[in-house]
Number of protein chains: 2
Amino acid sequence: MKTLMNVAETVVDDALRGMAAAHPELLVEVENRVVARRDAPVAGKVALVSGGGSGHEPLHGGFVGPGMLDAACPGEVFTSPVPDQMVRAATLVDSGSGVLFLVKNYTGDVLNFQMAAELAEEDGVRVASVLVDDDVAVTDSTFTAGRRGTGATLFVEKIAGAAADEGRDLAEVEAVARRVVAASRSFGVALTACTTPAKGSPTFDLPADELELGIGIHGEPGRERRAMMTSREIADYAVDAVLDDLSPEGPVLLLVNGTGGTPLLELYGFSAEVQRRLTEREVPVARTLVGNYVTSLDMAGCSVTLCQADEEMLRLWDAPVATPGLRWGR
Amino acid sequence: MKTLMNVAETVVDDALRGMAAAHPELLVEVENRVVARRDAPVAGKVALVSGGGSGHEPLHGGFVGPGMLDAACPGEVFTSPVPDQMVRAATLVDSGSGVLFLVKNYTGDVLNFQMAAELAEEDGVRVASVLVDDDVAVTDSTFTAGRRGTGATLFVEKIAGAAADEGRDLAEVEAVARRVVAASRSFGVALTACTTPAKGSPTFDLPADELELGIGIHGEPGRERRAMMTSREIADYAVDAVLDDLSPEGPVLLLVNGTGGTPLLELYGFSAEVQRRLTEREVPVARTLVGNYVTSLDMAGCSVTLCQADEEMLRLWDAPVATPGLRWGR
């Protein structure tokens with residue numbers, strides 16, 4: 001594989017320059033590596049800040065805007081951002097109503113957001129944090145103690161973002177985010193490895209006739225490798241893996257996510273099989289989102305995320321959002 | 001490469017089933033291979049119909065909805081849809097105000113849309129057609145006499161869609177579409193070949209240390225192959241190729257398009273270089289869109305499309321649109 005870049009060292013900065021030029025509604029501080037709403041801080045509103053390693057776009061920078069994140073901190077590719085970025089983001093967007101950190105469960109991110117929370121508190125910013133750990137594939141992985149944070153991050157950022165938009169206070173927005181985490185589970189599959197700009201070749205070996213079930217979003221090992229499976233078989237495996245861990249009593253939000261290298265044509269075909277399996281398992285689907293939202297650079301593959309959504313969560317999901325990566329209702 | 005599918009023969013039908021389940025606001029006729037607005041025909045509105053081979057998603061089915069297309073006809077992968085699909089689409093969405101066919105310039109599409117126009121007219125549907133031929137890379141190519149139709153299709157569908165939304169008549173909407181075609185030029189670059197589901201391996205050979213400049217969206221030959229270039233060098237080449245053919249006197253619409261396999265992180269970095277080059281060439285950019293919109297399955301690569309937009313075209317570009325692939329303002 002080849003990377004469309006100048007040199008690997010500037011890939012993140014170059015992308016931030018591109019975002020700055022394409023999205024005048026965003027404030028992009030290339031040097032500080034912060035993407036924020038240009039109109040932040042929004043008076044009276046709890047601010048949402050997330051971040052993580054780059055390479056998962058549009059997550060998180062592409063989810064900054066009204067109805068979702070107030071700011072995002074991109075780290076190097078597949079590497080946690082540093083506390084200074086998070087503190088800068090928090091102080092930039094805090095209106096005095098406090099800041100909620102949304103953190104995917106990877107050890108580096110967890111430690112750095114923890115340190116940033118302490119530093120921001122010293123600067124007078126009230127901070128709460130919610131950990132996203134939705135991936136049922138494995139417990140304890142290359143970069144993680146416990147379950148990894150993956151597709152549910154999108155649900156948490158959208159739904160908590162809408163709650164913040166309604167003017168709820170920090171404890172309330174935090175509680176909504178925790179409810180979404182508790183109600184969400186994911187499972188991912190890789191058909192190919194991904195290529196980081198620094199390495200320039202696949203980050204792990206996956207034979208041409210095999211796939212990996214339960215892959216992590218950085219290519220961390222999953223549950224098992226098998227001979228290549230059909231879309232139908234993969235959907236059965238992924239949906240059943242999620243439902244082994246989550247027994248929805250009502251309708252679900254469904255994210256059928258592409259990991260970057262899988263064409264949308266194939267992803268919609270996979271989504272049809274996911275919906276068929278959910279029907280067989282008698283799980284009603286309230287809303288479906290299909291696309292490349294939480295990616296792993298050029299990895300071919302897919303993931304399934306379900307969130308058992310109560311009426312309030314559905315209402316917040318449907319609320320307007322206006323970000324580069326997710327947009328509806330305004 | 002591997003394809004996420006059941007069998008190659010059902011890839012398009014499977015994707016349509018996935019679209020039907022994910023988008024209740026669309027009417028998806030899997031058997032007839034038509035994707036239409038569920039609320040069509042819209043009284044008093046000229047209807048826009050497009051279509052082409054599958055493998056370029058979200059184009060065209062993902063651009064069906066208020067403010068853009070009324071219907072789309074997907075063919076087999078990289079194969080023109082047949083006239084029956086187009087006639088079915090036209091009769092389904094015609095409100096009596098007429099139908100505008102938007103046709104990318106590939107010989108199969110041109111002939112089939114022409115036959116469909118005649119058949120629809122026999123059924124009492126007034127039809128006008130506009131050909132999109134924006135690709136400056138080559139004249140006469142594998143599937144095309146004249147220039148190929150690529151990224152400008154998105155501009156034409158969006159801007160003519162907004163004109164139709166304003167209640168203009170068929171001749172007026174057709175005239176707007178023609179103005180957009182006349183004002184638009186594109187140039188594409190491939191870093192890798194793409195893999196069709198039927199073939200299961202790359203459709204052409206592109207050495208690991210080379211790229212192809214001027215590639216077509218089905219992998220048709222471009223202008224030349226060169227040793228791998230930097231993002232900056234590619235941007236200079238692509239922008240200059242477009243500006244050799246178009247001398248904008250005012251601000252442009254800019255589409256920095258990914259061909260499917262290039263990560264969004266890299267695409268934004270490339271977009272920064274495109275904007276730099278446009279600044280050097282003293283071409284002001286009024287609006288920028290960055291993403292995978294006119295794809296070639298899993299091909300890694302990018303294309304640049306410019307449209308010299310007058311004030312009316314900019315206003316129509318900014319008008320609300322609500323489709324799976326492009327959405328803003330409502």
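Numbered from 1 within each chain, the chains take letters A, B, ... in sequence-line order. These numbers were taken from a predicted model, which means no experiment stands behind them.
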Trainee: Using non-hydrogen atoms only, which part of Thr3(A) is less than 4.5 Å away from chain B: side chain, backbone, both, or neither?
Mentor: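 Contact with chain B is through both the backbone and side chain of Thr3(A).
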Trainee: Roughly how far, to the nearest 0.5 Å, is CG of Leu326(A) from CG of Leu289(A)?
Mentor: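 Separation between the atoms: 6.0 Å.
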Trainee: Could you state the interatomic distance from OG (Ser296(A)) to NE2 (His218(A)), rounded to the nearest 0.5 Å?
Mentor: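 Reported to 0.5 Å precision, the distance equals 7.0 Å.
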Trainee: Count the heavy-atom pairs under 4.5 Å between each of Ala21(B), Gly261(B), Gly301(B), Gly291(B) and chain A, then report the option with the highest count.
Mentor: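 Heavy-atom pairs under 4.5 Å are most numerous for Ala21(B).
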Trainee: Is it the side chain or the backbone of Cys302(A) that comes within 4.5 Å of chain B heavy atoms, both, or neither?
Mentor: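 Looking at Cys302(A), just its side chain touches chain B.
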Trainee: Can we call the ring centroids of His56(B) and Tyr293(B) under 6.0 Å apart?
Mentor: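 When the ring centroids of His56(B) and Tyr293(B) are compared, they turn out to be at least 6.0 Å apart.
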Trainee: Would you please classify the geometry between the Tyr268(A) ring and the His23(B) ring as parallel, tilted or perpendicular, with 30° and 60° separating the classes?
Mentor: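 Answer is tilted, since the angle falls between 30° and 60°.
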Trainee: Which answer fits Val77(B), side chain, backbone, both or neither, if we ask what part of it has an atom under 4.5 Å from a heavy atom of chain A?
Mentor: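 Answer is side chain: those atoms of Val77(B) sit under 4.5 Å from chain A.
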Trainee: Which answer fits Leu59(A), side chain, backbone, both or neither, if we ask what part of it has an atom under 4.5 Å from a heavy atom of chain B?
Mentor: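 Nothing of Leu59(A), per the 4.5 Å heavy-atom cut-off to chain B.
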Trainee: In terms of heavy-atom pairs under 4.5 Å with chain A, which of Thr230(B), Leu4(B), Thr288(B), Leu264(B) leads?
Mentor: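 Of the options given, most contacts go to Leu4(B).
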Trainee: Need one label for Val274(A): side chain, backbone, both or neither, based on atoms under 4.5 Å from any heavy atom in chain B.
Mentor: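 Neither the backbone nor the side chain of Val274(A) comes within 4.5 Å of chain B.
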Trainee: Output, in order, the C-alpha distance, side-chain angles, deciding distance and verdict of side chain to side chain contact (heavy atoms under 4.5 Å, CB included) for Leu254(A) and Gln275(A).
Mentor: CA-CA 9 Å; Leu254(A) 166 63; Gln275(A) 298 248 19; 3.9 Å; yes
Trainee: Please tell me whether Glu157(B) and Ser50(B) have a donor and an acceptor in their side chains that are separated by less than 3.5 angstrom.
Mentor: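 Yes.
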Trainee: Sort Met19(A) into side chain, backbone, both or neither according to what part of it lies under 4.5 angstrom from a heavy atom of chain B.
Mentor: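 Both backbone and side chain.
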Trainee: May I ask you to say whether Glu224(B) pairs ionically with Arg226(B), meaning some side-chain N is under 4.0 Å from a carboxylate O?
Mentor: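 Salt bridge flag = yes for Arg226(B) with Glu224(B).
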Trainee: Pick from Arg276(A), Arg232(A), Glu233(A), Arg287(A): which one has the most heavy-atom pairs with chain B under 4.5 Å?
Mentor: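 Of Arg276(A), Arg232(A), Glu233(A), Arg287(A), Arg232(A) has the most heavy-atom pairs under 4.5 Å with chain B.
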Trainee: Below 4.5 Å from any heavy atom of chain B, which atoms of Pro324(A) appear? Answer side chain, backbone, both or neither.
Mentor: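 The side chain, not the backbone.
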Trainee: Between Ile234(A) and chain B, which part of the residue has a heavy atom less than 4.5 Å away: side chain, backbone, both or neither?
Mentor: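 For Ile234(A), the contact with chain B is made by the side chain alone.
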Trainee: When only pairs under 4.5 Å are counted, which of Arg17(B), Glu57(B), Lys2(B) shares the most heavy-atom pairs with chain A?
Mentor: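 Heavy-atom pair counts peak at Lys2(B).
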Trainee: Mind checking the CE-CG spacing from Met299(A) to Leu191(A)? Nearest 0.5 Å is all I need.
Mentor: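 Separation between the atoms: 10.0 Å.
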Trainee: Top residue by heavy-atom pair count (under 4.5 Å) with chain B, among Ala208(A), Ser271(A), Gly260(A)?
Mentor: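 Answer, by heavy-atom pair count under 4.5 Å with chain B: Ala208(A).
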Trainee: Atom CG of Leu69(B) and atom OG1 of Thr153(B): how far apart are they, to the nearest 0.5 Å?
Mentor: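 One finds 10.0 Å between CG of Leu69(B) and OG1 of Thr153(B).
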Trainee: Pick one of side chain, backbone, both or neither for Asp209(A), based on which atoms fall under 4.5 Å of a heavy atom in chain B.
Mentor: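 When you check distances to chain B, only backbone atoms of Asp209(A) fall under 4.5 Å.
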Trainee: Below 4.5 Å, heavy-atom pairs only: which of Asn6(A), Asp14(A), Asn292(A) has the largest tally toward chain B?
Mentor: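 Answer, by heavy-atom pair count under 4.5 Å with chain B: Asn6(A).
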Trainee: Considering only heavy atoms and a distance below 4.5 Å, find which of Gly18(A), Ala20(A), Gly258(A), Pro74(A) pairs most often with chain B.
Mentor: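 The option with the most such pairs is Gly18(A).
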Trainee: Going by an N to O cut-off under 4.0 Å, is there a salt bridge joining Glu212(B) and Arg225(B)?
Mentor: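 Result for this pair is yes, salt bridge flagged.
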